[in-house]
Structures are given as C-alpha cells and as structure tokens.
Amino acid sequence: MRLVSFIVVTLLALIAWPAAAQAPGQRHIAIDLVAESDRPAAGSEVTLAFVSRPQAGWHGYWRNPGDAGVETQAAWTLPAGVTAGPIVYPVPHRLLIAGLMNYVYEGPFTQFVTLTVPAGLAAGTALPIAVKLDYLVCTNEICVPESASLATTLTVGDGAVTAERRAEFDGWRRAIPKPLGSPATFAVDGDRFRLAVPFPAAAAAKDVYFFPITDGVIDYAAPQSVTRDGDLLMIETKAKPGRHPTLEGVLHTGDGQGFSLTAAPGAVAAPAPAMAWNAALIAFAGAVLGGLILNVMPCVFPILSLKALSLAKANAAEGKAEAIAYTLGVVLVCVALGGVLLALRAGGASVGWAFQLQDPRVILVLLLLVTGIAFNLAGLFELAAPGMANRMAASGRGGAFMTGALAAFVATPCTGPFMGAALGAALVLPWWGALAVFAGLGLGLALPFLLIAFIPALRRRLPKPGAWMETMRRILSVPMFLTALALAWVLGKQAGVDGMTIGLAAATLLAAGLWWTGLRQAKGRALAWLPGTVAAVIALAAVGAITRAPPAQAGVAASGAEPFSEARLAELRAAGRPVFAYFTADWCVTCKVNEKAVIETAAVRDALAKGEVAVLVGDWTDGDPVLGRFISAHNRAGVPLYLWYTNGRPKPEVLPQLLTQAMLTGRAGS
Amino acid sequence: MRLAFATIALATALAVPAAAEQVTGTPAGNFKLTDMSGRTVELAQFKGKTVVLEWNNPGCPFVQKHYNSGNMQKTQAAARAQGAVWLTINSGAPGKQGYMTGPEAQAFVAKEKATPTNYLLDPRGVVGKGYGAKTTPQMFIIDAKGTLVYQGGIDDKPTANTADIATARNHVTAALDEMKAGKPVSVAESRPYGCSVKYPES
C-alpha cells in the first residue's frame with residue numbers, strides 16, 4: 001500500500017512539475033488553444049487556433065524569422081488516426097534592429113492548424129488533443145526560447161460552430177494571407193532580385209512588401225522598391241548568391257492584409273529602360289517646346305525683350321557668359337520646383353495615395369487644374385505680377401544667374417499653363433522623368449535668350465511685344481479646353497455618369513469662382529482672389545464624393561448574373577435550373593482574364609441564356625469569410641473557382657482554373 | 001584601439017562587396033581586432049592553418065545551449081586537436097546583451113572551460129558586418145589557403161533545446177573532418193540560427 005501511494009505521489013509530481021514550470025504568468029507570450037468546433041464531425045476537418053498575446057515590448061516570430069530567430073515547432077500528442085497540418089501564420093510585421101531584419105508579431109496574433117478527424121468514429125468519442133509549442137520570443141535586446149504545453153478535449157459530434165466562435169475565427173482569418181491564385185515570376189540578375197506579381201492595376205495596394213518564406217533568395221534587410229505597371233506589380237531588391245528552383249512568400253498589400261504566392265524563375269523585365277527612355281525623351285522634348293512657348297506669355301516676353309536689349313549693349317563674350325548663367329538659374333529653379341512636387345508626391349504615396357491615372361480622384365484633380373488653366377488662357381482671370389517681374393529682370397542686380405532664377409520663380413504664376421501640364425506629368429512619371437520634364441521646361445524658357453546671345457543676328461528678328469501675344473494666349477486655351485474634355489470622358493469611364501456629373505459640377509463651380517475673381521481683378525478690388533480660392537476649395541472637396549464605379553457590377557448586369565449566396569444557390573437548384581457559380585476578386589488577374597476572354601463573351605452569354613443556366617458570382621475581393629468557407633469546402637484555398645451544377649447531380653463539377661469558351665458553351669448546350 | 005577591415009588583396013576587394021557578407025569559395029576578408037588581453041590579432045597571421053570563427057554572445061540562450069551542454073567546447077577541442085585555429089568573436093555593442101570587456105571575456109572562457117585560440121572583441125561590429133554575421137552562434141571555416149569553405153549554423157537543429165544536440169549534424173565537425181580527409185566540404189552553407197547579433201544602432 002505504501003509503495004502504491006509512493007508511486008502515485010511521484011507520478012503526480014512528475015505530471016505537475018512541467019505545468020508548474022510553465023505557469024502562464026512566467027511566459028512572455030500568453031497562448032490559448034481554441035478549436036473552431038468543440039464537436040467536430042467524423043471524417044471532417046476542424047481548425048485549431050493558437051491565440052497568442054505577447055507582452056508589451058516583446059515579439060514572436062513568423063515562419064521565416066528573417067536574419068535571426070527561429071520558427072515555432074509543434075509536437076503533437078493526438079488520438080490514433082487524428083492528424084495535424086502545418087502551422088498557418090498571419091501576415092507578419094517588419095522589425096529592423098541594428099541593420100538586421102526580423103519578421104515578427106509585435107501585438108496579438110493567431111496561428112491556425114487544421115486537424116483532420118478520421119471517418120468512422122462514433123459520436124461522443126472523446127478526442128484529447130495535446131501540443132507542446134517551442135518558440136522564440138524577443139525584445140529588441142534579448143531573446144528567450146519558451147515552451148507552452150497546451151491541451152483541450154474535443155468530442156466527435158456534428159461539427160456545429162457557435163456564432164460567437166465563428167465570429168472570432170472569422171476575425172483572425174482576415175489576417176491570414178489569401179492565396180493569390182496567379183503564378184508569379186522571379187529573376188536574379190547579378191545581385192539584383194526582381195519579382196513580377198500579377199496584380200490588377202485597379203486593385204489597391206500600399207506599403208507593399210514581399211515577405212519571403214524561401215530562405216537565401218533575397219537580402220532581408222535591403223530595401224525593396226515597388227513599381228506597378230498595368231496588371232503587374234514588380235518588386236526589386238538585393239539578391240543573395242545562389243539559384244533557387246522556386247520561391248514562396250507573402251505579399252503584404254496594406255492594413256495587415258496579404259497574399260501567399262509561389263514564383264517560378266523566368267524573365268522579369270527590368271522596369272523597361274528602353275521604353276521609359278523613349279517616353280522620357282518625348283516628355284523632355286514636349287517640355288522644351290512648352291518652355292519655348294512660355295516666352296510669348298504676356299508676363300514673360302517683356303523680361304526677354306529687356307534682357308535682349310541689355311545683351312545688345314554688352315560685348316559678345318560677356319553676353320554668352322550672362323546667357324549661360326541665366327539659363328542655369330532658370331533650369332535650377334524649375335528643377336527645384338519639380339523636387340518640391342516629388343517630395344509632396346512621396347509624402348502622399350506614404351499615406352496611401354497612389355497617383356495613378358486609374359484613380360478617378362486623381363483624374364478629377366487634373367480636370368480641375370486643366371479647367372483653371374484653360375480659363376486663365378482664355379482671359380477669364382489673371383495670375384501674373386508682371387510689374388514686379390519686370391523690375392527684377394531689368395535691374396540686373398545679383399548677376400544673370402539670379403536674374404534667371406528670379407525670372408523663372410517670379411514668372412511662375414503666369415507660366416501656370418505649362419507648369420500645370422508639367423505638374424500633371426510629374427504626378428504620374430517616375431521621379432527622374434518628372435525632373436527631366438521640369439528641366440526641359442526651364443531649358444525651353446531660357447532657349448531664346450541663349451540663341452540671341454550666341455547668334456547675334458537673331459536680335460533684329462525678335463518680334464516686338466504687342467497685342468498679338470494676347471491673341472496667342474486665347475488660341476492656346478483651345479487645346480487646354482480639349483484636354484479638360486478628354487479628362488471628363490476618362491472620369492465618366494471610371495466613376496460612371498454620377499462621377500462625371502460631380503466632376504463637371506465641380507469644374508463649373510471653379511469657373512464661376514474664377515470668373516468672379518476676374519471681375520474683381522478688372523475693377524482693381526482688394527481680395528480679388530477670395531471667390532476663386534473658396535470655389536477651388538469647395539470644388540476639390542468633391543474628390544471625397546467620387547467613388548469608382550464597380551466594373552464587376554456592369555459586367556454582372558450584362559450577363560444576367562446574380563450575387564452568390566448559398567440560399568440563392570439552393571433556391572435555383574430546387575427550381576431545377578442548372579447553375580454556373582464563379583468566384584472572383586479584384587486582385588486576381590487569372591479571374592479577370594477568364595471573365596474577359598470567356599465568361600463575358602457574347603458566345604458564352606448567349607449559350608448560358610439559351611440553356612437557361614443561372615449565373616451566380618461570388619466576389620471575394622475583401623476576403624469575406626462566409627465565401628471563404630464555401631470555397632475551401634470545394635478543396636480550393638482561394639479564387640478563381642468555377643462550379644457547374646447539373647440538374648439531378650448532388651455535387652457540382654469543379655472546372656479548371658483556366659477556362660475555355662467550349663467548357664461553358666458545351667455544358668450549357670447539353 | 002585600432003580596428004581595420006581590409007580584403008587580402010586589392011584585386012579581390014572589388015569582388016567582395018564592402019560591408020556585406022563573404023562569398024563561400026572565395027578568399028575570406030582579412031581583419032584586425034583586439035583580443036581579450038588587449039593585443040592586436042590579424043586573420044592573415046594564421047595563413048597556412050585552418051581557422052574557425054565563432055560569433056559569441058554569452059547572454060544568448062542559443063549560445064548557452066551549446067556551452068552549457070559542452071557541445072561548443074567539444075567542437076573546439078576537436079578542431080584544436082586537428083591543428084585548427086579557433087577565434088571566438090563578440091560583436092556585441094557596449095550596453096547591449098552579451099557585450100564584454102577583455103577581463104570579462106577571460107572570465108567567460110575560464111568559467112566555460114572553453115579552449116579557443118583567442119577571444120576577439122568587435123564592439124563596433126565592423127568585422128561582424130563584414131562577414132555578414134547575423135546570429136549567435138554563427139560559424140565560419142577558412143582553409144589553409146585563406147578560402148572561406150563554410151558559413152552557417154553550428155548544426156542543423158535550429159532549436160534552443162539541449163536534447164536536440166545528440167541527433168543534430170554538427171556542420172563544423174563534419175566540415176573539418178572532410179577537410180582533413182582531403183575531401184570537399186559537402187555542406188558549405190547552412191542557415192544560421194539563434195539570437196540576432198547585438199550590433200550598435202547606426
């Protein structure tokens with residue numbers, strides 16, 4: 001008896017000891033093991049969650065910890081036949097400490113594991129689940145490896161999930177990367193790594209970062225540069241030596257959301273230097289021409305005339321030196337203005353404004369700018385302070401360089417028309433292209449002065465300032481109005497009739513305000529700019545009212561499709577209709593290609609209509625968990641998913657991810 | 001204190017990216033550091049001998065795994081017995097975990113009964129960054145000709161659990177044995193694991 005009690009006490013001590021050693025209070029990450037269903041059905045899967053809360057100042061590690069750290073290890077103790085899948089991690093954060101990159105979680109995070117319950121277990125069978133997690137938890141200074149022994153007991157049942165538990169899991173699921181569904185490509189060229197990810201131009205992305213799962217492909221601490229070119233998102237960073245047959249990772253696209261992707265080696269174009277050079281050359285030439293035309297603007301031409309006269313008095317060598325100094329002054333001021341604008345653009349991009357022509361809000365701002373410029377050229381109101389500019393230029397104080405700089409700077413308001421065009425270009429061009437445009441504008445502005453200094457014969461041919469300049473200005477307003485018209489059309493395409501109407505209303509309001517300003521200017525009233533400024537502010541506020549017209553809905557309406565819901569699917573099936581259900585997302589290029597080339601074609605639409613096939617569309621753009629569950633019930637992790645329900649068959653046919661028209665027309669006709 | 005980081009020949013300086021990592025199979029970058037007794041030690045002075053570099057931080061649990069179990073001392077002794085030079089390097093910055101002065105390093109070596117050829121101090125992290133050392137422990141092996149033949153972790157079980165040492169492949173011992181037998185190093189690179197090197201904030 002004494003021996004038995006000794007053994008029992010020893011056993012109890014052995015069991016109790018690890019528990020005491022791992023009291024939750026001593027750990028730096030508190031972890032709870034939660035099952036989505038406490039009563040999973042036999043022959044099904046149930047999701048388990050490790051709900052983790054690091055202490056303030058401590059962080060846990062992602063699957064790939066980065067330059068240092070280790071991955072979490074799970075050692076399971078499971079009933080016979082029950083298996084656990086790998087740990088699925090939410091999108092991590094970046095933490096750069098003293099030049100070393102760590103992929104971590106600095107706040108609460110939840111990992112998932114899928115548990116498979118074998119078929120044939122009787123309801124009521126207890127399933128004791130135990131796991132020992134070994135993980136690393138660190139502050140910026142120190143690291144502690146910890147272990148957590150977690151256990152729960154599930155009971156074989158009907159797989160029911162309580163509403164409360166479902167809501168919790170759906171919340172955690174939003175942080176899990178969604179499968180992108182389109183294959184990416186990567187290339188290593190010397191020490192440069194490039195990744196091309198199919199990602200529709202219309203899908204939003206900010207603070208983009210590629211978290212590699214495959215180790216040794218890229219230098220984690222090196223900055224990543226992101227460019228978007230149509231339906232491709234490109235990431236360039238520093239490569240590590242070595243070749244890799246494949247690359248896995250997670251693409252962060254803002255707000256803790258991400259996409260898991262697999263990339264194969266292939267050709268990834270460097271951000272197309274040849275094409276970009278052409279484009280930049282054209283933009284540069286256009287800017288030089290624009291700068292040249294600027295010279296005949298009423299407020300600039302007098303400066304030129306005065307300087308030309310002073311040049312005529314100077315000797316040739318002095319004149320040339322003065323002309324070069326003047327040119328430098330003009331170009332530098334123009335480039336500096338461009339630099340300020342690029343800094344503003346960078347600031348905007350960091351808070352998530354993508355200056356792309358695909359964004360209707362950008363189009364609206366450009367529409368208002370161009371409208372204002374056009375009305376200025378037409379003479380509705382004035383921008384210049386020509387008297388001041390003339391005084392500055394004529395005095396010649398501070399040398400030719402300063403005169404040039406002042407001429408460009410003081411004349412900026414009345415160079416508005418072309419500055420405006422350059423501004424618009426600078427918002428959408430790469431930074432060096434934008435600077436080239438501004439430099440070209442300056443060069444064009446200084447060009448006549450340079451020519452006069454170097455070819456004295458031209459001085460006599462210089463036209464005299466006069467009324468012809470005003471006529472020239474009025475004529476130039478016509479192309480500007482046409483530009484505004486084109487922008488209004490683009491706005492209409494992107495934001496629909498409502499968006500275009502808002503845009504035109506804003507432009508009308510702006511014009512009325514500027515007209516009022518012009519009237520006050522003509523009468524020489526004080527505060528002439530007040531009405532114009534107020535109108536401009538109100539007009540710009542319309543940006544908030546502009547939203548993108550959902551293009552999917554337009555397509556849906558055309559093909560007679562309805563939004564997907566399981567209830568609607570059951571209803572249509574009960575009515576004996578064949579159903580084609582497809583699941584798509586705005587960020588899925590493969591989906592969009594299939595829709596354009598197959599689903600939304602006339603042939604398919606007609607065939608579906610003729611076969612009386614109901615079409616249901618599930619939009620998974622925002623990762624709706626209800627749709628997500630339906631998709632994963634068909635053994636797919638994400639979109640695209642194409643299901644064909646034939647009358648009388650209980651299960652749908654899962655069509656391939658790359659559709660052909662024949663696949664749909666054939667089934668609709670049978 | 002003089003700290004210098006220079007490549008063995010100017011010609012290779014162009015091939016080795018500055019302040020980046022060393023490329024396996026190419027000449028390892030030379031360096032000079034002050035040792036725990038205040039003397040200057042240069043890598044080039046060991047030419048003709050195999051050199052093992054070990055990045056160390058006595059406060060790191062992963063380093064403790066290999067010292068408390070005696071695994072690091074055993075690996076050191078085996079290397080020294082083969083005639084190899086073993087340099088333990090500490091790139092921890094003053095005020096950070098694991099930073100040691102010369103006398104503290106001497107005390108550490110004595111307490112752990114470690115037998116490195118020398119213990120070198122790199123408080124500015126110049127040599128650590130030049131070698132791309134990211135974790136503690138992290139190991140490098142340079143052959144008699146000065147070529148870097150191994151860089152990575154001490155073994156293939158990236159855990160803090162002492163029990164894993166018995167079943168792990170010790171990459172350093174394996175490489176040294178292969179080199180002694182005149183064979184090429186079969187695992188020339190592995191992923192190092194452990195705590196991050198506590199470099200100064202730059």
Side-chain angles (χ1 to χ4, degrees), chain A residues 18 27-28 58-59 61 63-75 94-104 132-149 190-192 212-222 237-244, chain B residues 15-17 19-26 55 57-65 91-93 95-99 124-126 128-130 132-138 148 151-153 156-164 188-202:
Chain A
R27 294 203 308 261
H28 296 291
W58 292 80
H59 53 259
Y61 281 84
R63 180 172 161 192
N64 175 359
D67 282 328
V70 296
E71 182 183 349
T72 299
Q73 310 276 346
R94 277 168 285 164
L95 179 63
L96 195 62
I97 304 171
L100 296 181
M101 178 61 82
N102 299 271
Y103 296 142
V104 301
K132 180 170 167 274
L133 287 182
D134 286 308
Y135 57 90
L136 185 65
V137 53
C138 298
T139 65
N140 288 5
E141 296 295 330
I142 61 165
C143 287
V144 181
E146 290 185 347
S147 287
S149 292
D191 73 340
R192 298 311 295 166
I213 290 173
T214 312
D215 179 48
V217 183
I218 67 170
D219 182 337
Y220 301 137
T237 188
K238 193 163 167 249
K240 285 197 161 189
R243 294 177 152 273
H244 297 269
Chain B
V16 179
E21 44 215 78
Q22 303 285 311
V23 179
T24 313
T26 67
W55 256 264
N57 163 2
C60 166
F62 294 86
V63 172
Q64 288 164 359
K65 165 190 172 185
S91 293
K96 296 213 172 184
Q97 185 199 49
Y99 166 76
R124 281 161 57 191
V126 179
K129 285 181 178 168
K134 297 192 164 77
T135 70
T136 52
Q138 185 167 344
L148 183 67
Q151 57 176 328
D156 62 354
K157 288 273 168 80
T159 68
N161 188 352
T162 310
D164 285 329
E189 282 182 6
S190 72
R191 182 174 193 170
Y193 66 90
C195 313
S196 58
V197 177
K198 309 302 178 192
Y199 287 119
E201 300 292 340
S202 46

Drop me the distance from [X]'s [atom1] to [Y]'s [atom2], to the nearest 0.5 angstrom.
{"X": "C138(A)", "Y": "Q97(B)", "atom1": "SG", "atom2": "CD", "answer": "9.0 Å"}
{"X": "S196(B)", "Y": "L95(A)", "atom1": "OG", "atom2": "CG", "answer": "9.0 Å"}
{"X": "E71(A)", "Y": "T159(B)", "atom1": "CD", "atom2": "OG1", "answer": "12.5 Å"}
{"X": "Q73(A)", "Y": "K157(B)", "atom1": "CD", "atom2": "NZ", "answer": "10.0 Å"}

> With side chains defined as the heavy atoms from C-beta onward, is the minimum distance between I97(A) and Y199(B) less than 4.5 Å?
Replying inline: no
>> With a 4.5 Å cut-off on side-chain heavy atoms, are N64(A) and R191(B) touching?
In response: yes
>> Need one label for K198(B): side chain, backbone, both or neither, based on atoms under 4.5 Å from any heavy atom in chain A.
In response: side chain
> Looking at G194(B), G59(B), P158(B), which makes the most heavy-atom pairs under 4.5 Å with chain A?
Replying inline: G194(B)
> Between C60(B), P61(B), A160(B), which has the largest tally of heavy atom pairs under 4.5 Å with chain A?
Replying inline: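 Option with the top pair count is P61(B).
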> Which atoms form the tightest heavy-atom contact between A98(A) and K96(B), and what is the distance?
Replying inline: CB-NZ, 4.3 Å
> Which atoms form the tightest heavy-atom contact between C195(B) and A68(A), and what is the distance?
Replying inline: C-CB, 3.8 Å
For [X], which atoms come within 4.5 Å of any heavy atom of chain B: side chain, backbone, both, or neither?
{"X": "Y220(A)", "value": "side chain"}
{"X": "L100(A)", "value": "side chain"}
{"X": "D67(A)", "value": "both"}

> Who among D219(A), L136(A), D215(A) has the most heavy-atom pairs with chain B under 4.5 Å?
Replying inline: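 Of the candidates given, the most pairs with chain B belong to D215(A).
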